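Notes for the one structure printed next.
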Amino acid sequence: MAKTFDVGIESLGSNGASQAAAQQAVGRQPAAGGLLPLPLRGATGGDGAVTPAASAGKSFFLETFGCQMNDHDSEKVAGVLQGRGYRAVESPAQADLVLYNTCSIREKAAQKVFARLGDWKTLADGKIIGVLGCLAQQEGEEIFERAPWVSLVCGSASYRKLPELIARLESGGRRVTGLDLDTDQTFETEITRRDNLLRAYITIIEGCDYACSYCVVPHTRGPERSRASDAVQAEARRLADAGYTEIQLLGQTVNSYRDPSPRGWKFVELLRAVAAVPGIRRVRFTTSHPNDFHREIVDAIDEVPELCDHVHLPVQSGSTRVLREMLRTYTREEYLQKIAWIRAAQRPISITSDIIVGFPGETEADFAETLSLLDAAQYDAIFSFKYSPRPNTSAMHMPDAIPEEEKSRRLAVLNERQRAIQIAANEKLVGQSYEVLVDGCHPARTQWGGRTSCNRLINFTSPHVNLLGEYVQVKVTRAGPNSFAGEHVT
Ligand code: SAM
Ligand code: SF4
């Protein structure tokens, strides 16, 4: 991530929300920093009856690592637990059941989880400690070897079995696992806890059928499974009835969606249908795979005002040679063609991307192509990563590893180039007005923050005393690389 100074945050006396700005550019939830986050909304239910409170009086603590898919999986896991009578607590020390929903996309993420598990070596007595998610799937029963105080290991492809696994632990089971990858169903819950008052996630596709040579996801999340379009529409309607106006459709490759029901809808058809749900004002989607990104998605954004002006389209590298080694299934030219479609849209659409530097064998010339791609694509923000070798991936044993210092150097050069692009582009937006959905405030300074349809963060002043959750017009008065300062246009 190109990390930079942010306008408006300085005046808030905090950098938390400023770092959040670029995260928010692809919709990841930020630390609130100087802006107060909104309170929890609670839960939304499905159509089914709630399981009786089998564990009334028991409590759980759930910590989430990683991406938005994990954030939303945790909302569903929390719903499953609440349906069984568990109550959420704020600290692991107070909890009967301590769960970590984990990430293993890069080595550092996995190390962090093991460090957290280590904390329980002498303290786990009487508690159930569980590991969920990607690291659970990747390490499997090895986790019991490394941390014998853990009793539950369950990968995301087996979350449907969670109620059964928890019931076995409740009736005295010592160790339980859910590690099957062959499930052909998605994870539906009777109750989903909603941790964000304004933006509700809906997973429309789970797993991944691509095989990018650096990536653990196909191994940890299993094969691609799409949800039936009527189930997605029904969830969108329930969310609108519960007062949500913004929905984010989720999937590792969200635009590879294929309706398994007889309707057989493509992604773009589902996108239009969700945007048509009465009460929904904004629909986002992430992450799009370039291979499945077709012009009809841009046409839909142009035609349907509820579809947000933002596409997250990870490129990974600007070099066709490296893309081939990564098994990304597109060339630099094909990718740039898709960027050209988006840039040709009738309304300006912001574009963000993920980039990996230091992939095995990446030469200076390859890296220079990634830098020149930044110039060509003119991204609004990027998430940048040093390549991290991962188990069960085909790149793991590739020759010509790039030394760690060189990866760091390339990362710094990349971020510097992107920062300059963002500064120049954002300056041009000073004076423009945007509709902002207000999602944070600093009451002492009557300062507010929120996002535009293109997911830019604007911190602004207003004479009004309560704007949380409102859509307001804000004029940009100053620009930083990752966020903006503005004034409420009243
Ligand atoms: N499905 C998305 C796509 O195809 O673009 C990506 C999902 S992945 C959870 C998020 C990002 O993590 C990827 O886009 C990639 O940039 C990065 N990533 C994945 N594996 C990595 C690795 N081994 N080392 C460094 N970054 C990695
Ligand atoms: Fe990983 Fe590639 Fe699948 Fe994205 S498309 S989740 S990077 S394997």
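In each ligand, atom 1 is the first atom listed, and ligand 1 is the first ligand listed. Computed from a prediction, not measured in an experiment: that's the story for all the values here.
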So is [X] polar-close to ligand 1, meaning N/O to N/O under 3.5 Å?
| X | result |
| --- | --- |
| Arg328 | yes |
| Gln252 | yes |
| Thr287 | no |
| Ser388 | yes |
| His289 | no |

Rounded at 0.5 Å granularity, tell me how far [atom1] in [X] sits from [atom2] in [Y].
| X | Y | atom1 | atom2 | value |
| --- | --- | --- | --- | --- |
| Lys266 | Ser226 | NZ | OG | 14.0 Å |
| Thr329 | Asp292 | OG1 | CG | 7.5 Å |
| Thr320 | Tyr335 | OG1 | OH | 13.0 Å |
| Asn70 | Ser156 | CG | OG | 7.5 Å |
| Thr253 | Glu206 | OG1 | CD | 11.5 Å |

The residue among Leu117, Thr220, Val113 that forms side chain to side chain contact (heavy atoms under 4.5 Å, CB included) with Thr102 is Val113
Strictly under 2.8 Å, is atom 3 (Fe) of ligand 2 approached by any N, O or S atom of Cys208?
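An N, O or S atom of Cys208 is closer than 2.8 Å to atom 3 (Fe) of ligand 2, so yes.
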For ligand 1, which atoms, with element, lie under 4.0 Å from some heavy atom of [X]?
| X | value |
| --- | --- |
| Arg390 | 23 (N) |
| Lys386 | 24 (N), 25 (C) |
| Gln316 | 5 (O), 13 (C), 14 (O), 15 (C), 16 (O) |
| Tyr387 | 24 (N), 25 (C) |

Intermediate values then yes/no, ring-ring contact (aromatic ring centres under 6.0 Å, His included), Tyr257 and Phe267: CA-CA 5 Å; Tyr257 175 84; Phe267 172 66; 7.1 Å; no
Numbering the atoms of ligand 2 from 1, which are under 4.0 Å from a heavy atom of [X]?
| X | answer |
| --- | --- |
| Pro218 | 8 (S) |
| Thr253 | 5 (S) |
| His289 | 5 (S) |

Counting heavy atoms under 4.0 Å, the part of Tyr214 that contacts ligand 1 is both
For ligand 1, which part of Ile105 has a heavy atom less than 4.0 Å away: the side chain, the backbone, both, or neither?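 Both backbone and side chain of Ile105 come within 4.0 Å of ligand 1.
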| said: Judged on heavy-atom distance to atom 11 (C) of ligand 1, which of Val216, Asp354, Asn291, Ile355 sits nearest? | reply: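 Ranked by closest heavy atom to atom 11 (C) of ligand 1, first place is Asp354.
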Aromatic contact, Tyr434 with Phe484 (centres under 6.0 Å):
no
Measure the acute angle between the ring planes of Phe385 and Phe383, then classify it against the limits of 30° and 60° as parallel, tilted or perpendicular.
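Judged by the thresholds at 30° and 60°, the geometry between Phe385 and Phe383 is parallel.
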Less than 4.0 angstrom from a charged side-chain N to a carboxylate O is my criterion; do Arg263 and Glu269 meet it?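 So Arg263 does not pair with Glu269 through a salt bridge.
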Requested in this report: Around atom 7 (S) of ligand 2, find the nearest protein heavy atom and jot down its residue, atom name and distance.
Outcome: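 That would be Tyr214 OH, 3.3 Å.
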Closest to atom 4 (Fe) of ligand 2 among protein heavy atoms sits Arg328 NH1, 4.2 Å
Quick check: does Cys215 put an N/O/S atom under 2.8 Å from atom 1 (Fe) of ligand 2?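 So Cys215 counts as coordinating atom 1 (Fe) of ligand 2, yes.
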Margin query: Would Arg146 pass as a cation-pi partner of Phe114, given that its NZ or CZ must be under 6.0 Å from the six-membered ring centre and within 45 degrees of the axis?
Written below: yes
Quick check: does Cys212 put an N/O/S atom under 2.8 Å from atom 2 (Fe) of ligand 2?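 An N, O or S atom of Cys212 is closer than 2.8 Å to atom 2 (Fe) of ligand 2, so yes.
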**Message:** Exactly one of Glu362, Glu416, Glu404 should register a salt bridge (Lys or Arg N to Asp or Glu O under 4.0 Å) with Arg410. Which one does?
**Reply:**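 It is Glu362, the one option of Glu362, Glu416, Glu404 that forms the salt bridge (Lys or Arg N to Asp or Glu O under 4.0 Å) with Arg410.
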